[in-house]
Amino acid sequence: MTIKRQYSLPNCTLILEGFGDGTQSQSDLRPVMSILTNAECYLSDPTGKSEIIRGGKDFFESLITAVSHHAQEFLSGVHLPESALSHLNQQVQIQTVAPDRHRMTVTTEGQPEQQVEMSTVQFLIWPRRSISLWRIRRPCRSGRLISLQCRSATRRRPPAPIRRCRSPLGPRDWRRRRH
Amino acid sequence: MTARAIDSSPTSVSVSAMQATPEFNVMTGSEPSILATLADIAVPNGECPRRTEIQIDLLLLAIEALDLTGSEAILVTLEELELLGVIRGRVGLWKVRGTNPLRRFSQRRSMTVTEAKALVVTACYLARRLTVLLRQLVIEQQQWKERGGDLSEYPRLEDYLGRFRAHYRHRMNIRRVGPSLFNSDQQLNEMAGKLLSQLLFCTGTAGMQRLWTSLFDGEIA
């Protein structure tokens, strides 16, 4: 049975197509999508400019992974180098290009590379919220769930130069100055 | 077959998951079950790293700047979530937040992982209640940055930034090197803006777990 699901948000629509195996979701009794065949994400900004990114199961898994990694990087500021992600499918990549700008790059075989730039608000509302919505109402079986892990201290940026960190002026320093 | 889903906040799902938590058992040291939703991080002596202590306190400071009754709301939420066994009332909260080394009256002891979990759960719970305001302020902030107009054109954002700067200067020891790096209005506005986005991130699915994990990023071996 072919199943099509649509998750709509302001300026972002996620459409998933696939097949079910006849089982039903226990939460809302809707058929479970066990095989995902096609995923499409329609993005439009307030100026009316719109983009479509689409692909199969690999694309969707890559989109989820990229959004998850980028969200964690945004929260902690600890960047994972590309070498650390090389074992993952990197069909979709998201990078911070400016303090408030994020660039999503979609690479599909046989097609030109597609780039979508978005602000932090758009990143929050577009891919992240739509994937959140999909997760909440998921009558689909995900092939692989994201596991959240802390990033090692070796990934941290080096601390500020010692000249900036030295000699804090605490109460003891004031006392010493008086004498 | 087509199923259409309209945007909705995950509040109902998350709030229901936060009900019915047993009290903290001081004798056995068992955690309330709500804290079990956050992963146990292997940190030395069960004490949080410096950055975690600072970040949690700043998130709560941002909530206080967003909501005029924020400090009371934190206490009420701790009570609602039955976390008063972990953080004992107003004085307990003050002591735990005082572990932030940037504070004027900083405590010598460190924040324990259980206390950090309780504060993160509370902050995320309050952030979900403030989702609409958070989203509006983040959008206003973006518009302000893009258009470069006067901040007074965005009164809600101006109020929030003003309150955050006042709270920060009142409570942090700005003579120390760390806080003094964020002493100018512009730097404090940037910090307040970043905290807004972080709080908005917490309101999504698994936002609480993601925030918790990110607090220890780059701090463990």
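On a predicted model such as this, the values are computed, not experimentally measured, just so you know. Labels below follow one simple rule: chain letters A, B, ... track the order of the sequence lines, proteins then strands, and each chain is numbered from 1.
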Handout entry: Spacing of A:Leu75 atom CG and B:Ser197 atom OG [to the nearest 0.5 Å]
Key =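 It is 9.5 Å, given to the nearest 0.5 Å.
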
Handout entry: Main-chain N/O of B:Ser214 paired to A:Gln72 side chain as donor or acceptor, under 3.5 Å
Key =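 Not a single qualifying donor-acceptor pair exists.
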
Problem - Side-chain donor or acceptor of B:Arg210 paired with backbone N/O of A:Ser68 under 3.5 Å - result: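 Between the backbone of A:Ser68 and the side chain of B:Arg210 there is a qualifying donor-acceptor contact (under 3.5 Å).
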
Practice task
Taking the side chain as every heavy atom from C-beta outward, state whether B:Lys145 and A:Ser119 have any pair of such atoms under 4.5 Å apart.
Solution key: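 Sidechains of A:Ser119 and B:Lys145: no contact.
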
Problem - Over 12 foreign heavy atoms within 6.0 Å of CD, A:Glu113 - result: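 Result for CD/A:Glu113: enclosed.
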
